Amino acid sequence: VEEFVVAAQQGDLHALDGLVRHLEPRLAPVCGAIALDDGDDALQEALMAVVRNLRSLREPEAVDAWARRIAVREAIRVARRRQRVTPVADGAELERLARAVDDIDVAIDVRGALAALAPEQRAVLVLRHVADLSEEETAAVLRVSTGTVKSRAHRARRAFIRRWQQ
Amino acid sequence: MNGWPTAQLDAISRLRVLAEGVPSGALVEREFAVPFDRLWTFVGDLERSVPVFDDTVTGIEVRRRALVDDGAERLDVVATTRPGDVRVRFDVRLEPGFCWMVQPQRLYVVGMAATPIDATRTRYAHVEGIPRRGSRLGRRFFTRHVRHDVDGIARALELP
């Protein structure tokens, strides 16, 4: 992939096509989980931003993480633009259940549960549980503190569980 | 991961993404009232289609074609253009609904893509341009040329 990046930066348009094909399956889950029904648009916008900004990438070996940051930003932007966001309510019993569930992948209706979250909360979940990033790495991608990642992830998990119980 | 929503990039979106890499290029999209198969059977047959819809091309010769790993074809193509019968080589990636024709010295690029809207309608996108910064030919020139090509495809398909 580094060869694709360097060649594409030098104007090789087949290398650019190869780079887009490499990034597409890596960014698709990020865009899908954050922008939901607008995920396809988010993926297109993210890859367009990648191509527009490719010359500014100084470390070709870091292209996946760099493109993922762009995808998260674009997916949140698309989701904010297109969707009405419903804030998530808190509750003591959800708190208790959240501690009992370690693996959110057991949620039956993931899409429905994600829809109850704000795009920023979805971003935390997808980075932590789909991209397998640590709290520190997630915080770096989102440019927030690890404390914010923790609280967003906690609220998101509780909302997941609430939806799961319905 | 099972159950998690994901996103898709269709052929038209792929072409929009790649068009970002051709700053002077022009992208034109149109909806055709024909099924996808009918449109792509014509467009994807480059030797037949390009000289019909692009009146600056008098002939297309496919000199070599090979399957690549993901099922697409890689073609070595020579286009004869007018005026002057200039022969221009293209390295082409061709697959159902997507064609990316790159002149190896970065003199020109042509991209074509199609996705079905439903059983009777197809969205088509076409981009052409010079993939170099500071090209003297601007987007306005290419927009006119690409519209002319897309009109040519409509005529070839006997559409109004």
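Quantities reported herein were computed from a predicted structural model and do not represent experimental measurements. The sequence lines fix the lettering, A, B, ..., with proteins before strands; numbering per chain opens at 1.
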J.: Quick check on side chain to side chain contact (heavy atoms under 4.5 Å, CB included): which of A:Leu47, A:Val51, A:Val50 does B:Glu20 satisfy it with?
T.: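 Going through the options one by one, the only one that passes is A:Val51.
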
J.: To the nearest 0.5 Å, how far apart are OG1 in B:Thr6 and CG in A:Leu43?
T.: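 Going from the OG1 atom of B:Thr6 to the CG atom of A:Leu43 covers 8.0 Å.
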
J.: Which residues in residues 115-126 of chain B have any heavy atom closer than 4.5 Å to a heavy atom of chain A?
T.: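 Listed by number, there are no contacting residues, so the answer is none.
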
J.: Answer yes or no: is there a side-chain heavy-atom contact under 4.5 Å between A:Glu24 and B:Arg14?
T.: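 Touching, per the 4.5 Å side-chain cut-off.
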
J.: Give a yes or no on whether B:Val110 and B:Val127 share a hydrophobic cluster (residues Ile, Leu, Val, Met, Phe, Trp, Tyr; joining criterion: side-chain heavy atoms under 4.5 Å apart).
T.: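 They do not share one cluster, since no chain of ILVMFWY contacts under 4.5 Å joins B:Val110 to B:Val127.
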
J.: Look at the side-chain heavy atoms of Ile, Leu, Val, Met, Phe, Trp and Tyr, link any pair under 4.5 Å apart, and say whether A:Leu23 and B:Ile12 land in one connected group.
T.: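 A:Leu23 and B:Ile12: separate clusters.
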
J.: For B:Glu61, look at atom CD and say whether over 12 heavy atoms of other residues, nucleotides or ligands are found less than 6.0 Å away.
T.: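 Enclosed.
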
J.: With a 4.5 angstrom heavy-atom cut-off, which part of B:Val109 approaches chain A: side chain, backbone, both or neither?
T.: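 For B:Val109, the side chain is the part near chain A, not the backbone.
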
J.: What part of B:Arg106 lies closer than 4.5 angstrom to a heavy atom of chain A: side chain, backbone, both or neither?
T.: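 For B:Arg106, the contact with chain A is made by the side chain alone.
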
J.: Cluster question for you: counting only ILVMFWY and a side-chain heavy-atom cut-off of under 4.5 Å, with indirect links fine, are B:Ile130 and B:Val50 together?
T.: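 Yes, it is one cluster - the side chains of B:Ile130 and B:Val50 are joined through contacts under 4.5 Å.
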
J.: Go through the structure and list residues passing salt bridge (Lys or Arg N to Asp or Glu O under 4.0 Å) with B:Asp149, not counting sequence neighbours.
T.: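 B:Asp149: no salt bridge (Lys or Arg N to Asp or Glu O under 4.0 Å) contacts found.
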
J.: Determine whether more than 12 heavy atoms belonging to other residues, nucleotides or ligands lie under 6.0 Å from atom CZ of B:Arg147.
T.: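 No, the 6.0 Å shell around CZ holds no more than 12 heavy atoms from other groups.
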
J.: Are A:Ile76 and A:Met48 connected in a single hydrophobic cluster, I mean Ile/Leu/Val/Met/Phe/Trp/Tyr linked by side-chain heavy atoms less than 4.5 Å apart?
T.: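 No, A:Met48 does not connect to A:Ile76 through the hydrophobic network.
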
J.: Considering only distance and modelled atom types, tabulate donor-acceptor pairs under 3.5 Å from the side chains of residues 10-21 of chain A, sequence neighbours left out.
T.:
residue, atom, partner, partner atom, Å
A:Asp12, OD1, A:His14, N, 3.0
A:Asp12, OD1, A:Ala15, N, 3.0
A:His14, ND1, B:Arg74, NH2, 3.4
A:His14, NE2, B:Asp91, O, 2.7
A:Asp17, OD1, A:Arg21, NE, 3.1
A:Asp17, OD2, A:Arg21, NE, 3.1
A:Arg21, NH2, B:Glu95, OE1, 3.3

J.: Donor-acceptor pairs under 3.5 angstrom involving side-chain atoms of residues 59-75 of chain A: please list them, not counting sequence neighbours.
T.:
residue, atom, partner, partner atom, Å
A:Asp64, OD1, A:His22, NE2, 2.9
A:Glu74, OE1, A:Arg77, NE, 3.2
A:Glu74, OE1, A:Arg77, NH2, 2.5

J.: If you tally heavy-atom pairs under 4.5 Å against chain B, which of A:Gly39, A:Ala49, A:Pro25, A:Ala33 wins?
T.: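 Heavy-atom pair counts peak at A:Ala33.
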
J.: Considering only heavy atoms, which portion of B:Val92 lies under 4.5 Å from any heavy atom of chain A: side chain, backbone, both, or neither?
T.: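 Contact with chain A: backbone only.
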
J.: Say whether B:Leu9 and B:Trp100 are linked into one hydrophobic cluster, either directly or through other cluster members, by side-chain heavy-atom distances under 4.5 angstrom.
T.: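 In one cluster with B:Leu9: B:Trp100, yes.
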
J.: Can you check whether B:Ala7's main-chain N or O pairs, donor with acceptor, with A:Asp40's side chain at less than 3.5 Å?
T.: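 Pair absent, no side-chain N/O of A:Asp40 close to backbone of B:Ala7.
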
